[in-house]
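What follows is one structure encoded as structure tokens, with my remarks underneath.
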Amino acid sequence: MSGCKMMLFGRRSLAGTRRSFASLPTPTVSHEIRLGWIGTGVMPLLAKGAKLAASPYDLGLNSDVVFSIVGYPKDVRGVILGDESQRGVLAGLAEGQRAQAGVIVDMTTSEPSLATEIYEAARTAGVHAIDAPVSGGDVGAREARLSIMLGGERAVVDALAPLFAPMGKTRYTGPPGSGQHTKMVNQILISTTMIGVVEGLLYGYRAGLDLNEVIAAVGAGAAGSWSINNYGPRIVARNFDPGFFVDHFVKDMEIALNEARQMNLKLPGLELALALYRELQAQGHGRKGTHSLMLALEKLNGVELKARTAS
């Protein structure tokens, strides 16, 4: 969790207007919302009037709704449930002075079982908990086009709609943990799709094609995907800056495989993708973007893509 910023966004909603939470199951009073954030990513919240909090507990104590998006399940557990060294957001939300129950919204891609554990602990403490992992990368975050996968009580999810709207589109997927299971589906799809993207581009390069023209052609047809249309041009330009870290993607695939094993499922495509990404980590590219998988395939084939234009 080290390095994550904890910010109180003041007594306002994301849109800067009053938002009523009277529709939540337990509150009785509508009021202006105090938002807390842990893991601010690309959002320039300090410039918008946010204040740094001293700890997750203090953030919860002074917030009505806290959003968290950190790195790993251990980070989620530490900032929300707390540990031997510090109390977590949940304790602060439970003890804070407010006219309604507090809400914790974890947007980290994490373990479905942990999302359920947090929900149960929150319910015991008189706090609401929602798991809300997202997809869309840095582009989706900057352009408010994230896909937000929601698990938890439907009434609470519906009440939070005004806070999700500035970030992207939401989809309620079911009870606690369902958002995380849905995100696992997302990551499984991406893992094998990215293999196809880099292998297809390698093939096109060896065939002597202009890869930007190839991307334009196949991206408009049945093989079109978010990955080829957004990451394809970055790969061709040798821009492997992260929209999502390889290290975090490996974590996600490990969670998905573990969940699959518990369901008695064998997913050979996911296992292959995980092996390739672990090789990419071993080559020192863990902090690059997921599309840097091209680097591992280039090394495997003894080739490096270079700029080429159609004649």
Pair up each side-chain donor or acceptor in residues 263-283 with any protein partner under 3.5 Å, not counting sequence neighbours, and list the distances.
unit_1, atom_1, unit_2, atom_2, d
Y277, OH, T290, O, 2.7
R278, NH2, E254, OE2, 3.0
E279, OE2, Q283, NE2, 3.3
Q281, NE2, D247, OD1, 2.8

Pair M253-S191, side-chain contact (heavy atoms from CB on, under 4.5 Å): steps then yes or no:
CA-CA 8 Å; M253 288 186 285; S191 66; 3.7 Å; yes
Separation of [Y] [atom2] from [X] [atom1] (nearest 0.5 Å):
X    : Y    : atom1 : atom2 : value
L297 : L202 : CG    : CG    : 5.5 Å
D252 : N186 : CG    : CG    : 9.0 Å
D75  : K251 : CG    : NZ    : 9.0 Å
T170 : I130 : OG1   : CD1   : 11.5 Å
N62  : L93  : CG    : CG    : 10.0 Å
L201 : I215 : CG    : CD1   : 5.0 Å

Taking the side chain from [X] and the backbone from [Y], do they hold a donor-acceptor pair closer than 3.5 Å?
X    : Y    : value
T173 : L150 : yes
N301 : V303 : no
H128 : G152 : no
K288 : L293 : no
Y205 : K306 : yes
D158 : A161 : no
K183 : S135 : no
D131 : P176 : no
Y119 : A121 : no

Return the set of residues passing side chain to side chain contact (heavy atoms under 4.5 Å, CB included) with [X] (not counting sequence neighbours), or none when no residue passes.
X    : answer
L61  : Y57, E95
R238 : F240, L295, E298, E304, L305
M184 : T109, I255, A256
E117 : R77, L81, L114

Do [X] and [Y] share a hydrophobic cluster (ILVMFWY, side-chain heavy atoms under 4.5 Å, transitive)?
X    : Y    : result
V139 : F249 : no
V103 : F67  : yes
I188 : F245 : no
I190 : M149 : no
M194 : L300 : yes

Should side-chain heavy atoms under 4.5 Å link Ile, Leu, Val, Met, Phe, Trp and Tyr, which residues sit in the same cluster as L189?
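Joined to L189, directly or through intermediates: V185.
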Are the side chains of [Y] and [X] in contact, using a 4.5 Å heavy-atom criterion?
X    : Y    : result
L35  : D64  : no
V105 : L163 : no
P133 : M107 : no

Contacts of type salt bridge (charged side-chain N to carboxylate O under 4.0 Å, His left out), residue R171, not counting sequence neighbours
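Result, salt bridge (charged side-chain N to carboxylate O under 4.0 Å, His left out) vs R171: none returned.
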Residues in salt bridge (charged side-chain N to carboxylate O under 4.0 Å, His left out) contact with E111, at least two apart in sequence or another chain:
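Partners of E111 by the salt bridge (charged side-chain N to carboxylate O under 4.0 Å, His left out) criterion come out as none, since no residue qualifies.
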So, for [X] and [Y], which heavy atoms are closest and what is the spacing to 0.1 Å?
X    : Y    : value
A94  : A125 : CB-O, 3.8 Å
Q180 : T108 : NE2-O, 2.8 Å
V246 : G289 : CG2-O, 3.4 Å
G126 : A101 : O-CB, 3.4 Å
I104 : S68  : CD1-OG, 4.3 Å
A144 : P166 : CB-O, 3.1 Å

Sort and list the pairs that fulfil salt bridge (charged side-chain N to carboxylate O under 4.0 Å, His left out) and have at least one residue in residues 118-129, not counting sequence neighbours.
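Those involving residues 118-129 are E120-R123.
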Evaluation steps, side-chain contact (heavy atoms from CB on, under 4.5 Å), between V134 and I69
CA-CA 9 Å; V134 300; I69 182 163; 4.2 Å; yes
With Y72 via ring pair (Phe, Tyr, Trp, His ring centres under 6.0 Å) - residues at least two apart
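Only H248 meet the ring pair (Phe, Tyr, Trp, His ring centres under 6.0 Å) criterion with Y72.
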Just do the side-chain contact (heavy atoms from CB on, under 4.5 Å) check on L59 and W37 with the steps written out, would you?
CA-CA 8 Å; L59 185 70; W37 287 89; 5.9 Å; no
Show me the pairs that pass ring pair (Phe, Tyr, Trp, His ring centres under 6.0 Å) and involve residues 76-96, at least two apart or across chains.
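The answer is none; no pair qualifies.
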Result block: side-chain N/O donor-acceptor pairs under 3.5 angstrom for residues 216-230, not counting sequence neighbours:
unit_1, atom_1, unit_2, atom_2, d
S225, OG, S227, N, 3.4
S225, OG, I228, N, 3.1
N229, ND2, S225, O, 3.1
N230, ND2, W226, O, 3.0

